[in-house]
Amino acid sequence: TLSVENTDTSYFEARAYKFRLLTRDAASALTLGTAVTGTLTPDGTVQLYRFSGTQGQRLYFDGQGANTSSYWQLVDAFGRSVASGRNTSSDYSTLTLPSSGEYLLRVYHDFRSDSSPQRAFSFNLIPDSITRGALALDTDVAGAIDQPNERISYGFTLGGPTLVMVDTWGSSSSFNWSLSGPRGSEASSRSFTSTSPNVFSLPAGDYEFTVAASSLVTGEFNFRLTDLSAATTLALDAATHVSVMPGDRSRAQRVTLAEATELFVDALGYSSGSAEWRIYDTAGRQRAYGSDIRADSGRFALGGGECGDG
C-alpha cells in the first residue's frame, strides 16, 4: 500500500502531486570505466543505472560537467546506501563495495526550487585496477600509473630479518605507497614526498610494496628499497662527503659502536638547499634527528651495536 499524506498542517486546500514507481528494470546497464551523460527534467527527476559488483571491489566516482545541484546515491542489493554525493560534478574518494551482487546508482535532482527546464549530468564510475610485478632490494625502480584509479603492487621475499629503508623521489605528492607483509600493514598511504622515518625492521616472509595515487592522478614515480646491512660503513671522527642526486633522494651509511657512545654531528658545509639526517638502531627505531644538515647538532648518546644514518 502506498499512502500519500499532506504534512503541511497550515495548508488545507487540495494540492496536485505526481510520482513514479521505478523497478530495477527501469535502470540502464552501467559499464564501469565508461563515461555516462544524461539529462534530468521535472517529469523525470531520477535516472537509474545498475551494474554487478564484487565484495571488496574498489570504485572511484569521477564527477564531470558543471552541474553542481544534482545528487547521486549508490545502493546495494539489500537496499542499503553505500555512498552518496551532493553533486554530480565533484569526485568521490575511493569507495569499497560491501558485498557481491547487483548495485543501483541513482542520479536525481530537486526541481521544486529550480525553474530550469532540465539539468544535464555526466560522471564515470571507475573500477580499481591492480598491476603486479616483482622487485629486488637495492635496485632503483621506475614505474608509472597510466590509468586513473590504478594501483601497482611489487612483491618481494626476505629470507631473514632485514633492516630496510624506503627511498622515494621525483614524484608528485599525489602518489603514495604502502608496505605489507607477514605482520600485516607496516606502512599505509605514505606520501612519496613525505620526510617521515621510512626505515623498517622486517622479519622473514613475503611482502608487497604498493603504489597508488589520490584522485585520478596519473604519472611516473621512482623508489628504492635498500637493505641497510649493505650500506657503506661510516667512519667516526672523519670528514664525510655525501652527494645526493636528484636532491630529494636519500643516502644511508652504517656504523657499529662497541659500547655506549656520546656523539656530535659537526656540519662542515652544504652546497645548496637543505637536508635532514636521522640515525636508526637495528630495530628500525629513530634514535637521533637533525632537521638541517647545515647546522651542528647537540650531543646525543647511543647504546652499543649497529646504527644507520640516512
> Between Ser129 and Pro127, is there a donor-acceptor pair closer than 3.5 Å when you use the side chain of the first and the backbone of the second?
Replying inline: no
> What pair of heavy atoms forms the shortest contact from Pro182 to Asp206, and how long is it?
Replying inline: CD-O, 3.5 Å
> Between Leu202 and Arg183, is any pair of side-chain heavy atoms under 4.5 Å apart?
Replying inline: yes
> Nearest 0.5 Å, what's the CD-OG1 distance between Gln55 and Thr96?
Replying inline: 10.5 Å
> In chain order, what residues pass the side chain to side chain contact (heavy atoms under 4.5 Å, CB included) check against Ser189, with sequence neighbours excluded?
Replying inline: Asn176, Ser178
>> Within the structure provided, determine whether Pro148 and Asp62 are in side-chain contact (heavy-atom separation under 4.5 Å).
In response: no
> Judged by modelled atom types alone, do Asp146 and Thr218 share a side-chain donor-acceptor pair under 3.5 Å?
Replying inline: no
> Taking atom CZ of Arg58 and atom CG of Leu97, what is their separation to the nearest 0.5 Å?
Replying inline: 11.0 Å
> Which heavy atom of Asn149 sits nearest a heavy atom of Leu59, and at what distance?
Replying inline: ND2-C, 4.0 Å
> Thr37: what forms a side chain to side chain donor-acceptor pair (under 3.5 Å) with it, not counting sequence neighbours?
Replying inline: none
> Relative to each other, are the rings of Phe223 and Tyr154 parallel, tilted or perpendicular (30° and 60° limits)?
Replying inline: perpendicular
> Which heavy-atom pair separates Ser191 from Ser173 by the least distance, and what is that distance?
Replying inline: OG-O, 3.5 Å
>> Going by the rule salt bridge (charged side-chain N to carboxylate O under 4.0 Å, His left out), which residues pair with Asp140 if we only count those two or more places apart in sequence or in a different chain?
In response: Arg224, Arg249
>> To check you understand the geometry: which heavy-atom pair defines the closest contact between Glu186 and Phe200, and what is its length?
In response: O-CE2, 3.6 Å
>> I'd like to know if Trp169 and Phe192 are part of one continuous hydrophobic network [Ile/Leu/Val/Met/Phe/Trp/Tyr, side-chain heavy atoms within less than 4.5 Å].
In response: no
> Is any side-chain heavy atom of Phe121 closer than 4.5 Å to a side-chain heavy atom of His109?
Replying inline: no
> When rounded to the nearest 0.5 angstrom, what is the spacing between OH in Tyr60 and CG in Leu125?
Replying inline: 11.5 Å
>> Could you report the tightest heavy-atom contact between Ala27 and Leu104, atom names first, then the distance?
In response: CB-CD2, 3.9 Å
> When rounded to the nearest 0.5 angstrom, what is the spacing between CG in Asp128 and CD in Glu150?
Replying inline: 9.0 Å
>> Can you list everything that forms a side chain to side chain contact (heavy atoms under 4.5 Å, CB included) with Thr54? Sequence neighbours excluded, please.
In response: Gln57, Ser100
Kindly list each side-chain donor-acceptor pair under 3.5 angstrom involving residues 72-79, sequence neighbours excluded, with atom names and distances?
unit_1 : atom_1 : unit_2 : atom_2 : d
Gln73  : OE1    : Arg106 : NE     : 3.3
Gln73  : OE1    : Arg106 : NH2    : 2.7
Gln73  : NE2    : Ser81  : OG     : 3.2
Asp76  : OD1    : Phe78  : N      : 2.9
Asp76  : OD1    : Gly79  : N      : 3.1
Asp76  : OD1    : Arg80  : N      : 2.9
Asp76  : OD2    : Arg80  : NE     : 2.7
Asp76  : OD2    : Arg80  : NH2    : 2.9

>> Check the orientation of Tyr49 and Phe123. Use parallel for under 30°, tilted for 30 to 60°, and perpendicular for over 60°.
In response: perpendicular
> With the 4.5 Å side-chain cut-off for hydrophobic clustering, are Val217 and Ile126 part of the same group?
Replying inline: no
> Got more than 12 heavy atoms from elsewhere within 6.0 Å of CD, Gln147?
Replying inline: no
> Who passes side chain to side chain contact (heavy atoms under 4.5 Å, CB included) against Phe156, sequence neighbours left out?
Replying inline: Leu135, Leu137, Leu158, Leu179, Tyr207, Phe209, Leu225
>> I'd like to check Tyr103 versus Leu30 (side-chain heavy atoms, cut-off strictly below 4.5 Å). Are they in contact?
In response: no
>> Would you compute the distance between atom CZ of Phe175 and atom CD of Glu220 and round it to the nearest 0.5 angstrom?
In response: 8.5 Å
> Can you tell me if CD on Glu208 sees more than 12 non-hydrogen neighbours from other groups inside 6.0 Å?
Replying inline: yes
> Shared ILVMFWY cluster between Val211 and Ile130, side chains joined below 4.5 angstrom?
Replying inline: no
> Does a side-chain heavy-atom distance below 4.5 Å link Asn198 with Asp167?
Replying inline: no
> Can you get from Leu95 to Leu105 by hopping between Ile, Leu, Val, Met, Phe, Trp and Tyr side chains that sit under 4.5 Å apart?
Replying inline: yes
>> In this structure, would Phe221 and Trp177 fall into the same cluster of hydrophobic residues linked by side-chain contacts under 4.5 Å?
In response: yes
